[in-house]
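Any value given below was found using the heavy atoms of this structure, including those in side chains, with hydrogens, waters and symmetry copies removed. Everything numeric in this text was worked out from a predicted model, so none of it was measured.
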Amino acid sequence: MASILFTGAGRNVVLSSALKDSNDDQFGGVRKNGLSLKKGVPFTDRNMQGLTITNVATSSRPAAVIPEPSLPTETVKNHNKLVAWTSVRQERWEGELLVHGEIPVWLRGTYLRNGPGLWNIGDDYHFRHLFDGYATLVRLHFNNGRVTAAHRQIKSEAYKAAMKNKKLCYREFSESPPKPNNFLSYVGELANLFSGASLTDNANTGVVRLGDGRIICLTETVKGSIQIDPDTLETIGRFQYSDSLGGLIHSAHPVVTESELLTILPDLVNPGYRVVRMAAGTNERRVIGRVSCRGGPAPGWVHSFPVTEHYIVVPEMPLRYCAQNLLRAEPTPLYKFQWRPESKAFMHVMCKSTGNIVASVEVPLYVTFHFINAYEEEDEEGRVTAIIADCCEHNADTSILDKLRLHNLRSFSPQDVLPDARVGRFRIPLDGSPTGGLESALDPDQHGRGMDMCSINPSFLGKNYRYAYACGARRPCNFPNTLTKIDLVEKTAKNWHEEGAVPSEPFFVARPGATEEDDGVVISMISDKNGEGYTVLLDGSTFEEIARAQFPYGLPYGLHGCWVPKTRLED
C-alpha cells in the first residue's frame, strides 16, 4: 500500500490506497483506480470548509469504459463551463468515489437516477430540448460509508437505431425523423404515429422499483417501459404488459408501493383517462375506472398525479395534447401540446376500490409537471370533507416548456429568465361543490420563486405531511439552482446553494427506525460549473451538508430517481 500526498487549498490530503498503477484517461487527466486527477493540477478540496475527508474509496476493479461516438467540437469546447447540458462523454463507467465528510453507516442501498444524457448523434445531429436526450442511468451504491458509482446508457430501440444508422429514427419529445415528401408516405407516417410504431421507447424520465424488486425505467410512451439490472445497469429488455389494454401514452410518474403500481392512460381518441392498477409480481394492468374529459377536445397532459389513502386524483390541465402539433415538421413552442384556457381546468377524484368518481370540480388554470403529495382533509367527526393536493405549479405559465430548450440552458447570461413557480395547493371539496381552490402553500419568495423536482418521505405518501424536498432558485438564474426543504406547517424553506452548481432532484431516504418525518438524508447529484461533478448528502432535518462524494468527471443533468434498499450482506 502506498500513501500519496497531494497539496491544495491550504490543506494536505493523503490518499492511503494502492494508486501507483495509472493511465491517461479521456478526461485529460490521470485515472487512479477510479479517481481522475487532472494533469498538472493538484487535488484540491476547495469549497469543502468544515468538512473532513474520512475515507478514500478506490475502485476494486478496473473501470469499464466504452467510448461513445465523437462529441461535436462545440460540446467539447464548452464542456468545462456547461457540463450539466453537455452529452455524457462515454457510454459507461464504474468506480468508487472520494468521500469528504461522514456518510451515515446506516445508509446502505442503491440510489438510481435516470435522465437524458446524450443530446447528439455523432457530429451531425443535435437535439434541441432537455427532454429529448437518450437515457443515461446513474447508480450510487452506499455501504459502510463508502460509495461506488456507475453510469450506463439505456439500450432502448431508439438509442440502438440512432447509434447504428447515425440518425434519428423515432419520434422524441420535440424531434422527429425527416418528414415524407408524398401523400402515400404521409398517410403511412400518420398510421405509424397512431399505432405507436414511430414513437420512441427512449426511457429517459423516471426509474421505479416495483414491489417485487424489478427495476423499470420509464418515459411517457407505454412502449418506453424498460427493465434494467440495478447491479450492473444492463438493459434487460422492454417491460411487456401482459394485458390487452394497449394505449400509446401513460403518466411518466406512476405511483408505486410495495403492493401495486397505479398509473393513468390518457385516451386521445375518446378524450378521457383510464386509471389502472398493476399488482406487484405481475405484468397485468387492470382498469379501476375511467374519467371523461369535461373541458376539451383532447385530454390534458398528465405527467404525474397524486393519490391519497382512499382516492386517486386525476388532473385535467388545459395544456392539452394536440395531434396537429405531433405531425408538424418543426416543433412549436408547446411541442406536442396546445394551451386551451377556454377549455378550463378540472380535478377529478376517483375511489380506489370502486372506480367511482366522487368529485369533479373546476379549478383555476394551472401548469404543473410534478405533483408532490395529497391527503384527505377530515372534519372533527373524522369524515373526509376534501382532498388537499400539492404540486410544483408554474402560475399557469406555459413558457417553462420552451425555456428548457438546450440553447437557453447553455447560453445563460446574468439575466433572471427562469419563470416563477410555487407550491400550488389545491383544495378539492367532496361535498358536491362545483369548484375547488388553488393557492400558494407558502410565500414563493421563501424558495426564490422556483420550484420543481420534488420528493417526500415515502412513508407519508397519500397522508397528511409536513416536509417536501425540491429544487428552488437563487436569482438571477435560468434553471432551478438550489436544494430546498419546504416546511408546510411553519410555511418556511431552507435552501442549499453553491455558486454555479446545477443540482438534480433531491431524494429523501429515511433512517431505519426513524420516528420523525425528516429523520434521514437527502441525496442529490450536482453538476459543477467547472466541469466537475459530485453527490451531496444533506441532513434531512437540519438541511446542513454532511458529506459529498466526488466523481472523476462531470455528469449531465438528470431527472428522477428511486431507492433500492440493501437486500443482502456485504463486506
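Within the 4.5 Å cutoff, no side-chain heavy atoms of Asn495 are placed close to those of His497. The side-chain heavy atoms of Tyr170 and Ser176, taken from C-beta on, include no pair separated by under 4.5 Å. Counting only heavy atoms from C-beta outward, the side chains of Thr86 and Pro556 never approach each other to under 4.5 Å. The shortest side-chain heavy-atom distance between Asn120 and His126 falls under the 4.5 Å cut-off. Residues Leu233 and Leu112 meet the side-chain proximity criterion, which asks for heavy atoms closer than 4.5 Å. At least one side-chain heavy atom of Leu401 sits under 4.5 Å from a side-chain heavy atom of Trp301. At a threshold of 4.5 Å between non-hydrogen side-chain atoms, the residues Ile264 and Arg274 do not count as touching. Residues Val502 and Asn481 are not in side-chain contact: their nearest non-hydrogen atoms beyond the backbone lie 4.5 Å or more apart.
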Quiz item: Hey, mind stepping through Tyr557 and Phe479 against ring pair (Phe, Tyr, Trp, His ring centres under 6.0 Å) and telling me if it holds?
Solution: CA-CA 11 Å; Tyr557 180 77; Phe479 194 79; 4.9 Å; yes
Exercise. Test ring pair (Phe, Tyr, Trp, His ring centres under 6.0 Å) on His253 and Phe369 and set out the steps.
Key: CA-CA 10 Å; His253 296 284; Phe369 299 160; 9.8 Å; no
Quiz prompt | CA sep, side-chain torsions, deciding dist, call: Lys529, Glu499, salt bridge (charged side-chain N to carboxylate O under 4.0 Å, His left out) | solution = CA-CA 8 Å; Lys529 65 180 179 179; Glu499 188 64 33; 5.8 Å; no
Practice problem: List the steps, then state whether side-chain contact (heavy atoms from CB on, under 4.5 Å) holds for Leu130 with Trp119. | Solution: CA-CA 8 Å; Leu130 170 63; Trp119 288 293; 3.6 Å; yes
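Closest non-hydrogen pair, Ala298 versus Pro271, comes out as CA-CB, 4.1 Å. In terms of heavy-atom proximity, Ser174 sits nearest to Tyr335 at CB-CD2, 3.2 Å. Taking all atoms of both residues into account, the shortest heavy-atom contact from Leu199 to Thr221 is CB-CG2, 4.1 Å.
Classification of Asp124 and Lys167 as a salt-bridged pair fails, no side-chain N sitting under 4.0 Å from a carboxylate O. Between Asp201 and Lys223 there is no salt bridge, since no side-chain N of the basic residue sits under 4.0 Å from a carboxylate O of the acidic one. The pair Arg449-Asp445 counts as a salt bridge, with a side-chain nitrogen and a carboxylate oxygen less than 4.0 angstrom apart. Between Arg340 and Glu342 there is a salt bridge, with a side-chain nitrogen of the basic residue lying less than 4.0 Å from a carboxylate oxygen of the acidic one.
In this structure a side-chain-to-backbone donor-acceptor pair under 3.5 Å is missing from Asp528 to Gly500. In terms of modelled atom types and a separation under 3.5 Å, the side chain of Asn204 and the main chain of Pro116 share no donor-acceptor contact. The backbone N or O of Leu406 lies less than 3.5 Å from no partner atom in the side chain of His129, so there is not a single donor-acceptor pair. With Ser527 contributing its side chain and Glu532 its backbone, the two residues share no donor-acceptor pair below 3.5 Å. Listed for the Glu393 side chain is a donor-acceptor partner under 3.5 Å among the backbone atoms of Asn395.
Side chain to side chain, Gln338 and Tyr321 fail the donor-acceptor criterion of an N or O pair below 3.5 Å. No side-chain donor from either of Thr535 and Arg548 sits under 3.5 Å from a side-chain acceptor of the other. Looking only at atom types and distance, the side chain of Thr484 has a donor-acceptor partner in the side chain of Thr482 under 3.5 Å away. Side-chain N/O atoms of Glu172 and Asn202 include a donor and acceptor closer than 3.5 Å. With hydrogens and angles left out, the side-chain atoms of Tyr534 and Glu498 include a donor and acceptor closer than 3.5 Å. Judged purely by distance below 3.5 Å, without hydrogens or angles, the side chains of His370 and Asp452 pair a donor atom with an acceptor atom. Between Ser225 and Tyr241, the side chains place a donor N or O and an acceptor N or O closer than 3.5 Å (distance only, hydrogens not considered). Side chains of His303 and Glu220: a donor-acceptor N/O pair is present below 3.5 angstrom, by distance only.
For Phe371 and Phe305, the ring centers are positioned 6.0 Å apart or more. For Phe127 and Phe173, the distance between ring centers is not under 6.0 angstrom. The ring of His151 has its center closer than 6.0 angstrom to the ring center of Tyr553.
Here the straight-line distance linking atom CG of Asp420 with atom CD1 of Ile400 works out to 10.0 Å at 0.5 Å rounding. Here CG of Asp397 is found 9.0 Å from NZ of Lys403. Values are rounded to the nearest 0.5 Å. Interatomic distance, Leu210 CG to Asn283 CG, rounded to the nearest 0.5 Å: 8.5 Å. Expressed to the nearest 0.5 Å, how far OG of Ser524 lies from CG of Leu538 amounts to 7.5 Å.
Of the residues listed (Arg152, Lys160, Lys155), the one engaging Glu91 in a salt bridge (Lys or Arg N to Asp or Glu O under 4.0 Å) is Lys155, and it is the only one. In summary, of the residues considered (Phe507, Trp563, Phe142), a ring-ring contact (aromatic ring centres under 6.0 Å, His included) with Tyr111 occurs for Phe507 alone.
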